[in-house]
Undergrad: 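One structure is given below, represented as structure tokens, and several questions about it will come after.
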Amino acid sequence: EVHLVESGGGLVQAGGSLRLSCAASGFTFDDSAIGWFRQAPGKEREGISSISTSYSNTNYADSVKGRFTISSDNAKKTVYLQMNSLKPEDTAAYYCAARANIIGYFTPSLNQYVYDYWGQGTQVTVSS
């Protein structure tokens with residue numbers, strides 16, 4: 001059974017940092033894409049970053065480029081999202097998602113509909 005468990009959310013002041021973790025199990029982690037998404041109240045879910053666990057190539061939304069960094073520790077089957085220079089508009093529920101069994105080089109997607117598995121989410125609140 002596939003499990004994705006997010007952690008690391010919380011309350012932080014604007015300009016601060018948080019590191020989110022996504023611990024994965026139940027699928028072949030090394031041949032997958034892991035994406036981070038967020039959803040604020042009343043807004044659509046937004047893909048913000050993704051990584052290929054086999055090639056470590058990454059993808060970022062313009063809204064977080066230069067502030068957020070995604071990384072993968074394949075030995076721990078965990079993907080991290082380092083979030084710096086946080087803004088109040090970053091406040092949202094953050095989710096990680098996985099698409100497994102991807103063979104070959106690819107650009108990891110920010111499209112939520114290509115991901116098969118989802119975690120329960122972790123809340124990030126940035127105060128002004």
Side-chain angles (χ1 to χ4, degrees):
E1 186 177 1
V2 174
H3 288 285
L4 297 171
V5 180
E6 303 95 336
S7 61
L11 174 64
V12 64
Q13 289 189 332
S17 298
L18 285 173
R19 189 178 79 157
L20 304 184
S21 299
C22 173
S25 62
F27 62 96
T28 304
F29 186 82
D30 291 357
D31 292 327
S32 66
I34 306 292
W36 282 100
F37 297 80
R38 67 185 181 187
Q39 188 167 20
K43 294 188 177 182
E44 293 189 355
R45 186 170 293 183
E46 174 191 15
I48 57 172
S49 186
S50 57
I51 187 168
S52 156
T53 57
S54 48
Y55 293 94
S56 296
N57 53 316
T58 59
N59 197 2
Y60 295 95
D62 289 343
S63 58
V64 305
K65 199 172 293 183
R67 299 188 299 124
F68 291 9
T69 302
I70 192 170
S71 61
S72 176
D73 185 333
N74 287 18
K76 295 183 178 179
K77 297 185 179 181
T78 300
V79 168
Y80 303 98
L81 186 68
Q82 178 66 44
M83 306 187 297
N84 298 330
S85 302
L86 283 162
K87 305 174 182 179
E89 51 263 43
D90 294 317
T91 295
Y94 283 70
Y95 301 88
C96 67
R99 180 174 180 179
N101 301 320
I102 303 176
I103 306 301
Y105 187 85
F106 63 96
T107 299
S109 176
L110 297 180
N111 180 349
Q112 62 176 313
Y113 297 107
V114 308
Y115 289 86
D116 302 311
Y117 308 107
W118 291 82
Q120 293 300 306
T122 187
Q123 179 67 35
V124 172
T125 303
V126 185
S127 64
S128 57

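Because only heavy atoms are used, hydrogens play no part in the values below, and waters and symmetry mates are left out as well, while side chains stay in.
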Undergrad: Look up atom OH in Tyr60 and atom CG in Leu110, then write down how far apart they are to the nearest 0.5 Å.
TA: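 Reported to 0.5 Å precision, the distance equals 10.5 Å.
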Undergrad: Same cluster or not: Ile70 versus Leu20, using hydrophobic residues (I, L, V, M, F, W, Y) connected whenever any side-chain heavy atoms lie under 4.5 Å apart?
TA: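 Per the 4.5 Å side-chain linkage, Ile70 and Leu20 are co-clustered.
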Undergrad: I'd like to know whether Gln123 forms a side chain to side chain contact (heavy atoms under 4.5 Å, CB included) with Thr91, so could you lay out the CA-CA distance, the side-chain angles of the two residues, the decisive distance to 0.1 Å, and finally the verdict.
TA: CA-CA 8 Å; Gln123 179 67 35; Thr91 295; 4.0 Å; yes
Undergrad: For the pair Asp90 and Arg67, find out whether any cationic side-chain nitrogen is under 4.0 Å from an anionic carboxylate oxygen.
TA: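 Looking at Arg67 together with Asp90, the answer is yes, because their closest N to O distance falls below 4.0 Å.
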Undergrad: Return the minimal non-hydrogen interatomic distance between Ala100 and Asp116, and the atom names on each side.
TA: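 Heavy atoms of Ala100 and Asp116 come nearest at N-OD2, 4.0 Å.
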Undergrad: Do we get Arg45 above Trp36's six-membered ring, with its NZ or CZ under 6.0 Å from the centre and within 45° of the axis?
TA: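 Negative - Arg45 is either too far from the ring of Trp36 or too far off its axis.
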Undergrad: Using the rule given for side chain to side chain contact (heavy atoms under 4.5 Å, CB included), can you reason through Ser72 versus Tyr80, listing the C-alpha separation, both sets of side-chain angles and the distance that settles it, and then say yes or no?
TA: CA-CA 6 Å; Ser72 176; Tyr80 303 98; over 6 Å; no
Undergrad: State whether a side-chain donor-acceptor pair under 3.5 Å links Asn111 with Ser109.
TA: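 No, because no side-chain N or O of Asn111 sits under 3.5 Å from a partner of the opposite role on Ser109.
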Undergrad: Do other residues, nucleotides or ligands put more than 12 heavy atoms under 6.0 Å from the CD atom of Gln120?
TA: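 Atom CD in Gln120 is not packed in, count stays at 12 or less.
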Undergrad: Would you call the rings of Phe37 and Tyr115 parallel, tilted or perpendicular, taking 30° and 60° as the class edges?
TA: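 Rings of Phe37 and Tyr115: perpendicular, as their planes differ by over 60°.
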Undergrad: Treating Asn74 as the side-chain partner and Lys77 as the backbone partner, does any N or O pair qualify as donor plus acceptor under 3.5 Å?
TA: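 No; judged by distance alone, with no hydrogens or angles, the pair does not exist.
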Undergrad: Quick one: do Leu81 and Tyr117 end up in the same hydrophobic cluster if we chain Ile, Leu, Val, Met, Phe, Trp and Tyr together by side-chain heavy atoms under 4.5 Å apart?
TA: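 Shared cluster, yes.
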Undergrad: Checking Tyr55 now: which residues fulfil ring pair (Phe, Tyr, Trp, His ring centres under 6.0 Å) with it, not counting sequence neighbours?
TA: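 Testing Tyr55 for ring pair (Phe, Tyr, Trp, His ring centres under 6.0 Å), a comparison that skips the adjacent residues, returns Tyr105.
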Undergrad: Do you know which two heavy atoms are closest between Pro108 and Ala33, and how far apart they sit?
TA: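 Minimum heavy-atom contact is CB-CB, 4.5 Å.
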Undergrad: For the pair Ser49 (side chain) and Asn59 (backbone), establish whether a donor and an acceptor sit closer than 3.5 Å, ignoring hydrogens and angles.
TA: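 Side chain of Ser49 to backbone of Asn59: a pair is present.
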Undergrad: Ser63 and side chain to side chain donor-acceptor pair (under 3.5 Å): which partner among Lys87, Glu46, Glu89?
TA: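 When side chain to side chain donor-acceptor pair (under 3.5 Å) is applied between Ser63 and each of Lys87, Glu46, Glu89, only Glu46 qualifies.
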Undergrad: With side chains defined as the heavy atoms from C-beta onward, is the minimum distance between Ile34 and Phe29 less than 4.5 Å?
TA: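 Touching, per the 4.5 Å side-chain cut-off.
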Undergrad: Grab the two heavy atoms, one from Asp31 and one from Thr53, that are nearest each other, plus how far apart they are.
TA: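 Looking at all heavy atoms of both residues, the closest pair is N-OG1, 3.7 Å.
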Undergrad: Are Leu4 and Ile51 joined in one hydrophobic group, where the rule is that I, L, V, M, F, W and Y side chains link up if heavy atoms are under 4.5 Å apart?
TA: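 Linked, Leu4 and Ile51 end up in one cluster.
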Undergrad: Taking Gly9's backbone N and O only, do any of them form a donor-acceptor pair with Thr122's side chain (distance below 3.5 Å, no angle check)?
TA: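 Pair found, side chain donor or acceptor close to backbone of Gly9.
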Undergrad: On a heavy-atom basis, which atom in Lys76 and which in Thr78 lie closest, and how many Å separate them?
TA: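 Reported closest heavy-atom pair: O-OG1, 2.9 Å.
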Undergrad: Transitively linked via ILVMFWY side-chain contacts under 4.5 Å: Met83 with Val126?
TA: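 Looking at the clustering, Val126 is in the same group as Met83.
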Undergrad: Nearest 0.5 Å, what's the CG-OG distance between Leu86 and Ser127?
TA: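 Here the interatomic distance stands at 10.0 Å.
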Undergrad: Please tell me whether Asn84 and Ser17 have a donor and an acceptor in their side chains that are separated by less than 3.5 angstrom.
TA: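 Checked: Asn84/Ser17 side chains pair up, N/O donor to acceptor below 3.5 Å.
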Undergrad: Might you point out which heavy atoms bring Val2 and Gly26 nearest each other, and give the distance in Å?
TA: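 Between these two residues, the closest heavy atoms are CG2-O, 3.6 Å.
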Undergrad: Keeping to residues at least two apart or across chains, list the side-chain hydrogen bond (donor to acceptor under 3.5 Å, both in side chains) pairs with something in residues 4-15.
TA: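 Every candidate side-chain hydrogen bond (donor to acceptor under 3.5 Å, both in side chains) pair involving residues 4-15 fails, so no pair, neighbours aside, qualifies.
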Undergrad: Shortest non-hydrogen contact from Ser128 to Ala14?
TA: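 Scanning both residues completely, I find the closest heavy atoms to be CA-CB, 4.4 Å.
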Undergrad: How many angstroms lie between atom CG of Leu18 and atom OG1 of Thr125, to the nearest 0.5 angstrom?
TA: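 So the gap between those two atoms works out to 9.5 Å.
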Undergrad: Applying a strict under-4.5 Å side-chain criterion to I, L, V, M, F, W and Y, I'd like to know whether Phe27 and Tyr95 cluster together.
TA: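 No, no single cluster joins them.
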Undergrad: If you measure from the Lys or Arg side-chain nitrogens to the Asp or Glu carboxylate oxygens, is any gap between Lys65 and Asp62 under 4.0 Å?
TA: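 Looking at Asp62 together with Lys65, the answer is yes, because their closest N to O distance falls below 4.0 Å.
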